Amino acid sequence: MLKGKNILLGITGGIASYKVLDLCSRLNKEGAILKIIMTTSACEFVRPLSFETMGKCRVFTDLFEGSHESVHHIDLPKWADVFLIAPASANTIGKMANGIADNFLLSSYLACDKDVIIAPSMNTNMLNNQATVKNIKTLLEYGVKVIEPEPGLLACNTVGDGRMEEPEKIVSYLDDYFTEKDLMGKKIIISAGPTVEPIDYVRYITNKSSGKMGYNIAREAKKRGAEVVLVSGPVKPMEIDGIKRIEVRTNSEMKDVIERYFDNSDALIMSAAPVDYKVENPSDRKIKKTGNSLKLNLIENDDIIKYFASKKTKQLIIGFAAETDDLIENAKTKLKNKNLDYIVANDLTKWGAGFDVDTNIASIVSKDKVRKLEIMPKEELANEILSLLR
Ligand SMILES: Cc1cc2nc3c(=O)[nH]c(=O)nc-3n(C[C@H](O)[C@H](O)[C@H](O)COP(=O)(O)O)c2cc1C
């Protein structure tokens, strides 16, 4: 979402300015275009050259440098899609709240008619000082957005509020800011990961699903304004800030949880890979080795997606088909037999597709159409899938 976005980055004289080198690098990787303004104090902490290098852009420091072609403090805000000030010092926040424009950054702020986002960073006492509290409140009233500082160990060797939010989180904030909230009001159930079926007290059957696809869909859906319930089988920890996640293990647990939310939902996206078979009589004790072979009788599990598709009213039902043979044919059969609206089909034998990788090569199959997509990050595929819900 940050690709091609013009971000005017203001840097003030806070110790956290060194972290902004990482922020510049991350924003560049996301495809954002930067222009940077540094205050004189900021230049005491990190040299403009470092930001020029990491930001791959020009760094402005001198208000009076102007040229006959451009009055920079007027033209830079015009160019920007957003003005981010990180770190925002107590001093700059105070001046912003009081309309003071005695440097390049502050003059640009006053001339800016785009959204302004600040990431304050300072010692806890400075942050809690009545003047700073009042100044931040004033800026909020003026419509400035604030990325709240975090509690933690500060450079002044105290622990408390005032640490600038981590660069990774600032990038997510911006990503979220630029994402159109086109799924606002939609309630979506997303399942992710594998399920497990016990053999005995310690052993189980599962599959290679990593849950990455489902978690990506959940994250993107939330960004686009949807109310998400993520029903997750056991997967490696993955970040999903602010999303309701319910952890399950077996097929029947997954089905039961989905059942709780289904009637009140607008869509079910079954990106989980529930185990197709379960052991007929799992042992509640550990099965001892006997020197002989062990025979397990496997019986078919309930088909979760088929069950919910059979009782859908308003819900859009999207399934996945991960196949090694006859991909599209199998997907079409599955779509019809299970009464689904869409199937996202991916060929497990292709490099860059399937389980535990960050990309996928998928075709979106509906009743009368097959849309073949190029190899793309799972995050991008997540957005393609979510656009089916608009
Ligand atoms: C070592 C050191 C660290 C500082 N760290 C911060 C800080 O994290 N936050 C802050 O608001 N001020 C901090 N200051 C004070 C500011 O640099 C000072 O208020 C300055 O006037 C800010 O100018 P500016 O807002 O124009 O960048 C620090 C000063 C020093 C000497």
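Side-chain atoms are counted along with the backbone in the values below, which use heavy atoms only and exclude waters and symmetry mates. Counting starts at 1 for both ligands and their atoms, following the listed order. Just so it is clear, the model here is predicted, and its values are computed rather than measured.
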Please list the nearest protein heavy atom to [atom] with its residue and the distance rounded to 0.1 Å.
atom	value
atom 23 (O) of ligand 1	S41 OG, 3.0 Å
atom 30 (C) of ligand 1	F45 CZ, 3.8 Å
atom 5 (N) of ligand 1	I15 N, 3.5 Å
atom 18 (C) of ligand 1	G13 O, 4.5 Å

- Is T12 close to ligand 1, meaning an N/O of one under 3.5 Å from an N/O of the other?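 Between T12 and ligand 1 (N or O atoms, distance only) the closest approach is not under 3.5 Å.
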
- Message: I want to know if ligand 1 touches M126 in the polar sense, i.e. an N/O pair below 3.5 angstrom.
- Response: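 M126 vs ligand 1: no N/O contact under 3.5 Å.
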
- Which class fits the ring pair F60 and F104: parallel under 30°, tilted 30 to 60°, perpendicular over 60°?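 Answer is perpendicular, since the angle exceeds 60°.
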
- Minimum non-hydrogen distance to atom 26 (O) of ligand 1, winning option of L106, N91, L127: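 It is N91 whose heavy atom sits nearest to atom 26 (O) of ligand 1.
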
- Test Y215 against every option in R245, K236, E239 by the side-chain hydrogen bond (donor to acceptor under 3.5 Å, both in side chains) rule and name the one that passes.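 So, applying the side-chain hydrogen bond (donor to acceptor under 3.5 Å, both in side chains) to Y215 and each of R245, K236, E239, only R245 qualifies.
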
- Backbone, side chain, both or neither: what part of T92 comes under 4.0 angstrom of ligand 1, heavy atoms only?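 T92 to ligand 1: contacts from backbone and side chain alike.
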
- Query: Should the heavy atoms of other residues, nucleotides or ligands under 6.0 Å from OH of Y204 be counted, would the total exceed 12?
  - Reply: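 Check fails, neighbour count at 12 or below.
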
- Query: Which ligand 1 atoms does T39 reach within 4.0 Å, using its non-hydrogen atoms?
  - Reply: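 Those of ligand 1 that fall under 4.0 Å from T39 are 24 (P), 26 (O), 27 (O).
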
- Message: I'd like to know if D182 pairs up with R390 as an ion pair, taking the criterion as any Lys NZ or Arg NE/NH1/NH2 lying under 4.0 Å from an Asp or Glu carboxylate oxygen.
- Response: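 Salt bridge: yes.
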
- Query: Taking all atoms of both residues into account, what is the closest heavy-atom pair of A218 and I243, and its distance?
  - Reply: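 Answer, listing the atom of A218 first, then I243: O-CD1, 3.5 Å.
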
- Task: Specify whether the nearest protein heavy atom to atom 10 (C) of ligand 1 is under 4.0 angstrom away.
- Result: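 Flag for atom 10 (C) of ligand 1 set to true, protein heavy atom closer than 4.0 Å.
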
- Query: So is A16 close enough to ligand 1, meaning a heavy atom under 4.0 angstrom away?
  - Reply: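 For ligand 1, residue contact (heavy atoms, under 4.0 Å) with A16 is absent.
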
- Determine whether V229 and I217 fall in the same hydrophobic cluster, where Ile, Leu, Val, Met, Phe, Trp and Tyr are linked whenever their side-chain heavy atoms lie under 4.5 Å apart.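 They do not share one cluster, since no chain of ILVMFWY contacts under 4.5 Å joins V229 to I217.
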
- hydrophobic_cluster_shared for I385 and L335, side chain cutoff 4.5 Å: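 Result: no, two separate clusters.
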
- Can you check whether A88's main-chain N or O pairs, donor with acceptor, with T92's side chain at less than 3.5 Å?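 Judged by distance alone, no pair lies under 3.5 Å.
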
